[in-house]
There are 2 protein chains.
Amino acid sequence: MGSSPESRAVGQPAGGGRNRSRPPTLREVASAAQLDISTVSRALRPETRDRVKPETVKRVLATAEALGYRANPFARGLKVQRSMTIGMLVPDLGNPLFPPIVRGIEDGLRDRGYAMILGNTDQDLGREENLLDVFLQRRVDGLVLATALRSYPLLQNLVDGGVPVVLVNRTTDEAPMSMVAGDDHQGVGLAVRHLADLGHQRIAFVGAALSASTGFNRYHYFRAWMHALGLEVDEELIVFAPWFTKDAGAEATKELVGRGRPFTAIVAASDMIALGCYRGLRAHGLHVPDDVSVVGYNGSRWCDEFDPPLTSIHVPKYQIGRETARLLLNMLDTADTSPASVLLPTSLQVRASTRQV
Amino acid sequence: MGSSPESRAVGQPAGGGRNRSRPPTLREVASAAQLDISTVSRALRPETRDRVKPETVKRVLATAEALGYRANPFARGLKVQRSMTIGMLVPDLGNPLFPPIVRGIEDGLRDRGYAMILGNTDQDLGREENLLDVFLQRRVDGLVLATALRSYPLLQNLVDGGVPVVLVNRTTDEAPMSMVAGDDHQGVGLAVRHLADLGHQRIAFVGAALSASTGFNRYHYFRAWMHALGLEVDEELIVFAPWFTKDAGAEATKELVGRGRPFTAIVAASDMIALGCYRGLRAHGLHVPDDVSVVGYNGSRWCDEFDPPLTSIHVPKYQIGRETARLLLNMLDTADTSPASVLLPTSLQVRASTRQV
DNA sequence: TTGAAAGCGCTAACAC
DNA sequence: GTGTTAGCGCTTTCAA
């Protein structure tokens, strides 16, 4: 018994071969039931079932069941030109923001017989184009795009091509399109007001990724809410990280502190950025929340475990997914591609990273 | 621009915004190129391309490109009986263990033209059966099962049916099947030895989900390694949580502490369980790592952020996904379903939750 | 090297 | 209510 640094292959006795005999066809069910193929087809499909005598239906169902019949989706797809499949693009499934959204979409689609194929773009436009091409080739019935770039000409082509598209967590400047997201305006308002209520006046903003619509929006809404609440927006108290990462957040925070302008609180553009703030502040000997309060954004599932537990704006990720599925199904059903947008309300989760000034 | 006898939608910019109403067919490419449909088919597919005169190939490629032609996957699937799609079942994509694995599989499959459809079972056997049915109906070419139950009769049916299956993070008692996972034996060894090296002798084990193969294995390997390292296994120092959750881990830990047997360290069956240990210990006024050292398992991306940062056994999740794809592709290529198992080595990540006794 | 033709399994328009 | 039939777009013999 010993541990091996190498990956080890555990050989196992070779077992059964492959006897994937061709699954039964409609024709086989028909001949087994002594009926014509078309009658069987009608009996099998709920929409046309009422055109067949009930007893016949019963007989068909029985034989189909007995033979383990399953409609061949290729043959059907070839005929009806629908794949019952939708394609989804995310920057990276490893980003904890996306799994709950994907899950919500899956759940919403599943009951209606749709399946989803997923692609990761890694923020690479070439890859995105490429995946879109694969999806289109596979004749997906609809598309969900959760990739975050604000500017993206291909979008218009898609819409022109008549493919139903729903954007998630992203708006586009190019074309009016359906989209679902958390309400960033309301959410940022929650954050700023929470700090204001705690008596904070000099509030900094550590933003990220202005090229992404979430990053862009949250920044502007921050300004708007500061004004709305009668608080001064000090340009020196606004910094940006290039990405939504901890390292980037830490760097931006150090820059902020280095400017030497007094502040008592930070609104961070995401939880990852907030963790970066923790580190950046700590590097300057500042303590959260005694010296500086920090509010994160997204409400990731680990906020409770952070040190200190992070006050955050919770985004209803799963619900966003469900809503996306609903919108898409609606477009699929009605062939109506007129855009509709849904913003879901966020909520404030108060934890230990914020305190009275 | 030659005029073709076949009616073609006019005003469609080539290669740009294609209209979905009617994607060009092989026949249309053929008539545009003044060739027979079969020649075009041959020219378009790399495998048969060498049977066509190079100039002809060039001409075909050009017209196909110009028309924005894409092979219809239904028609092809109908002919060749392959969907180029694989199905994957996970308990819950929201569990952070799975996204990186899914991502790894996706990446491994994508280059070879395969797409993946995903299903969440929520540990519900009925749902699992149901999803399997949907996958089979869609004629998936292969299956990846990351659902964790040890006992599962349907598995044998699948193998008998000739569908290539790879298990992830799970073994089965029923049939010899291909599987990929982290090397739990080696990993648990890393954890126990790390603690032993720090001078710990009375080491507790907070396990979870014996019905899952990971839970089961880690428990037994814990015992094995304790013996191997000459440490006493005190049955009173072994507790189990029903699930891999923080709450369950906290309860189990309170139970452990309540037993009153002295111990200085805990090996937890997962990071979530470890977080439960933190809470359970804290509830009894015990401090990590001063009173008790804790080692987690999985190496989730947030370990650094916990309070204290969690020493953990890192499982190469993305690599597991890649390896799974490799195995599956191999089965797909060779039509050889003889099982092969791969255990990938884990690594110890030392953080602040463990210290010298 | 290219063309003709036979389906793959299903749906739907049309007959009976 | 049930049967007949013509494709959907592609691959793949078999001929030329």
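Both backbone and side-chain heavy atoms feed into the values below; hydrogens, waters and symmetry mates do not. Per chain, numbering begins at 1; letters A, B, ... match sequence-line order. Just so you know, these numbers come straight off a predicted model, no measurement behind them.
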Peer 1: Identify, with sequence neighbours excluded, every residue that meets side chain to side chain donor-acceptor pair (under 3.5 Å) alongside R326(A).
Peer 2: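 So R326(A) forms a side chain to side chain donor-acceptor pair (under 3.5 Å) with E323(A).
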
Peer 1: Show every salt bridge (Lys or Arg N to Asp or Glu O under 4.0 Å) that has at least one partner inside residues 64-75 of chain A, sequence neighbours left out.
Peer 2: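 Pairs touching residues 64-75 of chain A that pass the test: R70(A)-D133(B).
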
Peer 1: Closest heavy-atom contact between L89(B) and F135(B)?
Peer 2: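 Between these two residues, the closest heavy atoms are CD1-CE1, 3.2 Å.
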
Peer 1: Starting at CZ of F74(A) and ending at C1' of dG9(C), how long is that distance when rounded to a whole Å?
Peer 2: 11 Å

Peer 1: Once salt bridge (Lys or Arg N to Asp or Glu O under 4.0 Å) is applied, what residue pairs with a partner in residues 102-121 of chain A remain, sequence neighbours excluded?
Peer 2: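 Non-adjacent pairs meeting salt bridge (Lys or Arg N to Asp or Glu O under 4.0 Å): R103(A)-D107(A), R103(A)-D92(B), R103(A)-D122(B), E106(A)-R110(A), D107(A)-R127(B), R112(A)-D333(A).
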
Peer 1: Atom CZ of R82(B) to atom C1' of dC8(C): distance rounded to whole Å?
Peer 2: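 Distance check: R82(B) CZ to dC8(C) C1' gives 15 Å.
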
Peer 1: Rounded to the nearest Å, what distance is computed from the CG atom of residue N72(A) to the P atom of nucleotide dG7(C)?
Peer 2: 18 Å

Peer 1: With rounding to the nearest 0.5 Å, note down the distance linking CG in L93(B) to CG in L93(A).
Peer 2: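 Interatomic distance, L93(B) CG to L93(A) CG, rounded to 0.5 Å: 5.5 Å.
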
Peer 1: For T63(B), check side chain to side chain donor-acceptor pair (under 3.5 Å) against everything at least two apart and list the hits.
Peer 2: none

Peer 1: Between the protein and nucleotides 12-16 of chain C, are there any N/O to N/O pairs under 3.5 Å, and if so, what are the atom names and distances?
Peer 2:
residue: dA12(C); atom: OP2; partner: R45(A); partner atom: NH1; Å: 3.2

Peer 1: Of all of residues 26-33 of chain A, which get a heavy atom below 4.0 angstrom from DNA chain C, listed by number?
Peer 2: L26(A)

Peer 1: Look at Q81(A) and dT11(C) and indicate whether a side-chain polar atom (N or O) is within less than 4.0 Å of OP1 or OP2.
Peer 2: no

Peer 1: Would you compute the distance between atom CE of M88(B) and atom OG1 of T324(B) and round it to the nearest 0.5 angstrom?
Peer 2: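 Taking CE in M88(B) and OG1 in T324(B), the distance rounds to 7.0 Å.
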
Peer 1: Taking atom types as modelled, is there a side-chain donor on E128(B) or T147(B) under 3.5 Å from an acceptor on the other?
Peer 2: yes

Peer 1: In this structure, how many angstroms lie between the C1' atom of dT1(C) and the CZ atom of R59(B), rounded?
Peer 2: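 Value for this atom pair: 12 Å.
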
Peer 1: Restricting to side chain to side chain contact (heavy atoms under 4.5 Å, CB included), what partner residues turn up for T48(A), sequence neighbours left out?
Peer 2: R42(A), R45(A)

Peer 1: Could you tell me from which nucleotide to which nucleotide of DNA chain D, 5' to 3', there is an atom under 4.0 Å from chain A heavy atoms?
Peer 2: dG1(D) to dG9(D)

Peer 1: Once side chain to side chain contact (heavy atoms under 4.5 Å, CB included) is applied, do any residues pair with N330(B), and if so which ones, sequence neighbours excluded?
Peer 2: T334(B)

Peer 1: Rounded to the nearest angstrom, tell me the gap between atom CZ in R139(B) and atom C1' in dG9(C).
Peer 2: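 Result: 9 Å.
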
Peer 1: Can you name the side chain to side chain contact (heavy atoms under 4.5 Å, CB included) partners of A32(A), sequence neighbours left out?
Peer 2: L67(A)

Peer 1: Classify the side-chain pair R138(A)/S83(A) by whether it contains a donor and acceptor separated by less than 3.5 Å.
Peer 2: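 No, no side-chain donor-acceptor pair sits under 3.5 Å.
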
Peer 1: Compute the angle between the rotation axes at the two ends of the helix from dT1(C)-dA16(D) to dC16(C)-dG1(D), each taken over five pairs, rounded to 10 degrees.
Peer 2: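 One end axis against the other gives 40°.
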
Peer 1: Tell me, please, which residues at least two apart from L61(A) pass side chain to side chain contact (heavy atoms under 4.5 Å, CB included).
Peer 2: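 For L61(A), the residues satisfying side chain to side chain contact (heavy atoms under 4.5 Å, CB included) (neighbours in sequence not counted) are L44(A), R49(A), V57(A).
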
